[in-house]
Amino acid sequence: MARMWMGIAGAGVVAAVAAGAFLVGAAWEDSLPPVTESARPPAESVYPQTRAEAVEAWTAELKKAGEELPENWEVLTTEEIKGRYVSQRVANAPKAEDIDPGMARRVGD
């Protein structure tokens with residue numbers, strides 16, 4: 001009978017140690033700063049990477065707007081061309097009213 005109580009007591013000690021370890025581990029995790037993960041970059045960029053790609057994309061966006069490359073565009077740096085491409089792409093983007101009439105909110109509504 002004494003052996004049975006010793007076994008039960010031993011199991012109780014093991015359970016208490018395990019519970020204590022769990023609580024210490026939980027408290028330790030709470031004291032750590034939160035970890036953030038950045039989004040994985042896409043396999044391919046949706047924006048042009050080379051000068052030739054940037055000129056081609058910019059030209060296509062200008063044609064959508066009924067425009068042509070400006071004079072002396074050749075002197076622009078690749079980064080300037082990319083910037084102008086993005087600006088033209090934003091300018092060509094559809095407006096809310098074109099996508100869904102009545103979607104645009106008026107001030108005060």
Taking atom CD as the centre, does Glu74 end up with more than 12 heavy-atom neighbours from other residues, nucleotides or ligands that are less than 6.0 angstrom away?
yes

Please indicate whether Gln49 has more than 12 foreign heavy atoms, meaning atoms of other residues, nucleotides or ligands, lying under 6.0 Å from its CD.
yes

In this structure, CD of Gln88 is separated from CD1 of Ile81 (nearest 0.5 Å) by 14.0 Å

Minimal non-hydrogen separation, Asn72 against Val75, with atom names
O-CG2, 3.0 Å

How far does CZ of Arg84 sit from CD of Glu79, to the nearest 0.5 angstrom?
13.5 Å

Trp73/Thr59 under side chain to side chain contact (heavy atoms under 4.5 Å, CB included): CA gap, chis, key distance, verdict
CA-CA 11 Å; Trp73 66 268; Thr59 303; over 6 Å; no

Might you work through the side chain to side chain contact (heavy atoms under 4.5 Å, CB included) test for Glu61 and Tyr85, ending with a clear yes or no?
CA-CA 7 Å; Glu61 289 297 325; Tyr85 157 70; 3.6 Å; yes

Can you tell me how far apart NZ (Lys82) and OG1 (Thr50) are? Round to the nearest 0.5 Å.
7.5 Å

Holding to side-chain contact (heavy atoms from CB on, under 4.5 Å), I want the full list of residues that pass it with Ser87, two or more places apart in sequence or in another chain.
none

